[in-house]
Engineer: 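The structure under discussion is supplied below as structure tokens; questions concerning it will follow.
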Amino acid sequence: MIRATTDGGSTWESQPSGTTENLRGAFFNSASRGWIAGSRGTLLFTEDGGTTWFPRSPGTEASLNSLHFTGPATGWVVGSGGAILRTEDAGLSWVAESSLTADELLDVSFSVAGQGCAVGIVCTVLLRSSPVAAGIEARPQGLAVRLLANPASAVATIRFGLPEEAHVRLGILDILGRHVARLVEARLPAGWHEARWSPRGLPPGVYLARLEAGGATASSKIILRD
């Protein structure tokens, strides 16, 4: 159900949504241009203030809870299973961003393009910073992976960079080449990303963070201490 008001809420009129799915979040970036997110990957778009709503396909069956656009074409939507999707073409296509969580995300907001926050259940809070603002080149020349603090102990933060959009696998190998953890497996945009590894139950020693993307690989040694 969609109901709209043009008099500050004194009266409300129904608008046809074209769906029976539960609708959970709405965002308008102008008086006429808006979005609605809902269950089972539902996305609706209007360019006439809601008189007509058109479906958009986000490429996921995740239930979607909240949207935020920083302009007419660039926006994000979040939902169940830690889903975060980004569009650069007003929702015609969407790219999954790695949230590094399976918790349901309930809301997302951006203050400026590239800098935002998503929040969810179990006290989940995710921050997204602009690579330029952090003093890092916006697009690496090649695959790159490094540890922000080495040696590591309780939690290791791994920064990795992609020269172009690609399907990414980031994992941890022990000194014998055995996989002991898989951190990321998703299609990600070009630029810099971060992942966290909690090596619980693993003995101290030397490990390897291995990044695979676009047919290439890169790795970085991790020294795990007590």
Side-chain angles (χ1 to χ4, degrees), residues 1-128 165-168 182 184-189 193:
M1 181 177 65
I2 303 174
R3 293 180 70 82
T5 181
T6 57
D7 56 12
S10 296
T11 59
W12 293 84
E13 295 183 356
S14 294
Q15 294 182 340
S17 68
T19 181
T20 57
E21 297 293 341
N22 292 327
L23 303 179
R24 300 181 173 184
F27 184 87
F28 275 75
N29 51 19
S30 73
S32 58
R33 191 180 184 89
W35 302 83
I36 290 179
S39 59
R40 295 203 295 184
T42 298
L43 272 179
L44 305 177
F45 171 66
T46 183
E47 288 187 300
D48 56 12
T51 301
T52 52
W53 289 90
F54 301 96
R56 287 282 197 259
S57 175
T60 180
E61 288 295 313
S63 289
L64 304 175
N65 296 321
S66 177
L67 312 106
H68 194 109
F69 277 72
T70 56
T74 301
W76 287 261
V77 63
V78 301
S80 62
I84 300 179
L85 303 167
R86 186 190 84 256
T87 182
E88 301 284 355
D89 56 11
L92 294 176
S93 62
W94 295 82
V95 175
E97 292 195 347
S98 177
S99 68
L100 306 179
T101 181
D103 293 339
E104 183 168 8
L105 300 177
L106 302 176
D107 200 4
V108 61
S109 181
F110 280 75
S111 56
V112 295
Q115 298 180 9
C117 179
V119 296
I121 63 174
V122 200
C123 300
T124 301
V125 179
L126 305 175
L127 301 177
R128 189 185 195 278
E165 182 180 308
H167 186 85
V168 172
R182 290 196 178 276
V184 177
E185 184 158 1
R187 190 166 188 87
L188 298 178
H193 308 269

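Note that these values count all heavy atoms, side chains included, but never hydrogens, waters or copies made by symmetry. In this chain, residues are counted from 1 in sequence order.
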Engineer: Under the side chain to side chain donor-acceptor pair (under 3.5 Å) rule, collect the residues that match up with N65, sequence neighbours excluded.
Structural biologist: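 Once residues adjacent in sequence are excluded, the partners of N65 under the side chain to side chain donor-acceptor pair (under 3.5 Å) criterion are R24, E104.
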Engineer: For A37 versus V77, what's the shortest heavy-atom pair and its separation?
Structural biologist: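 Scanning both residues completely, I find the closest heavy atoms to be CB-CG2, 4.1 Å.
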Engineer: Can you confirm whether S17 sits close enough to M1 that some side-chain heavy atom of one is under 4.5 Å from a side-chain heavy atom of the other?
Structural biologist: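 No - every pair of side-chain heavy atoms lies 4.5 Å or more apart.
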Engineer: Could you check whether any side-chain N or O of T5 sits under 3.5 Å from a backbone N or O of T11, counting only pairs where one atom can act as donor and the other as acceptor?
Structural biologist: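 It does hold such a pair.
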Engineer: Roughly how far, to the nearest 0.5 Å, is the CZ atom of R33 from the OG1 atom of T46?
Structural biologist: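 Output value for this atom pair is 10.0 Å.
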Engineer: For the pair Q15 (side chain) and G49 (backbone), establish whether a donor and an acceptor sit closer than 3.5 Å, ignoring hydrogens and angles.
Structural biologist: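 Yes.
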Engineer: Mind checking the NE2-CZ spacing from H68 to F110? Nearest 0.5 Å is all I need.
Structural biologist: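 So the NE2 of H68 and the CZ of F110 are separated by 7.5 Å.
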Engineer: Kindly give the heavy-atom pair with the smallest separation between R3 and S14, and that separation in Å.
Structural biologist: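 Smallest heavy-atom distance, with atoms named: NH1-OG, 2.8 Å.
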Engineer: Side chain of T60, backbone of G41: donor and acceptor closer than 3.5 Å?
Structural biologist: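 No: the side chain of T60 does not pair with the backbone of G41.
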Engineer: Give a yes-or-no answer on whether the side chains of T74 and E88 include a donor-acceptor pair shorter than 3.5 Å.
Structural biologist: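 Side chains of T74 and E88: pair found under 3.5 Å.
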Engineer: For a ring-ring contact (aromatic ring centres under 6.0 Å, His included) check, start with the C-alpha distance between W35 and F45, then their side-chain angles and the critical distance, and finish with the verdict.
Structural biologist: CA-CA 5 Å; W35 302 83; F45 171 66; 4.5 Å; yes
Engineer: With the threshold set at 4.0 Å, does a side-chain nitrogen-carboxylate oxygen contact exist between E165 and R187?
Structural biologist: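 Yes, this pair counts.
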Engineer: Quick one: CG on L67 to CZ on F69, what's the gap to the nearest 0.5 Å?
Structural biologist: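 Answer for the CG-CZ pair, L67 versus F69, is 6.0 Å.
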Engineer: To the nearest 0.5 Å, tell me how far L64 CG sits from W94 CH2.
Structural biologist: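 The distance works out to 8.5 Å.
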Engineer: So, for G71 and N29, which heavy atoms are closest and what is the spacing to 0.1 Å?
Structural biologist: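 That would be O-ND2, 3.1 Å.
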Engineer: Can you find a heavy atom in the side chain of I2 that is under 4.5 Å from one in the side chain of L44?
Structural biologist: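 Yes. Closest side-chain heavy atoms under 4.5 Å.
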Engineer: How far apart are the C-alpha atoms of L23 and T42, what are their side-chain angles, what is the distance that settles it, and do they pass the side-chain contact (heavy atoms from CB on, under 4.5 Å) test?
Structural biologist: CA-CA 8 Å; L23 303 179; T42 298; 4.1 Å; yes
Engineer: I need the minimum non-hydrogen distance between D107 and S66, along with the two atoms involved.
Structural biologist: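 Taking D107 first and S66 second, the nearest heavy atoms are OD1-OG, 2.7 Å.
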Engineer: What distance do T70 atom OG1 and R86 atom CZ have between them, rounded to the nearest 0.5 Å?
Structural biologist: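 Output value for this atom pair is 10.5 Å.
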Engineer: Under 3.5 Å, is there a donor on one side chain and an acceptor on the other for S32 and D48?
Structural biologist: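 No - no donor-acceptor pair under 3.5 Å links their side chains.
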Engineer: Which pair of non-hydrogen atoms, one from G91 and one from R56, has the smallest distance, and what is that distance?
Structural biologist: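 Taking G91 first and R56 second, the nearest heavy atoms are O-CD, 3.4 Å.
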Engineer: One thing to verify: whether R40 and E21 come together as a salt bridge, which I'm taking to mean a side-chain N less than 4.0 angstrom from a carboxylate O.
Structural biologist: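 Yes.
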Engineer: For the atom pair CD1 (I84) and CD (E97), what is the distance rounded to the nearest 0.5 Å?
Structural biologist: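 Reported to 0.5 Å precision, the distance equals 6.5 Å.
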Engineer: Would you check, one step at a time, whether the test side-chain contact (heavy atoms from CB on, under 4.5 Å) holds for I36 with L43?
Structural biologist: CA-CA 6 Å; I36 290 179; L43 272 179; over 6 Å; no
Engineer: What are the two closest non-hydrogen atoms of A90 and P72, and how far apart are they?
Structural biologist: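 So the two residues come closest at CB-O, 3.7 Å.
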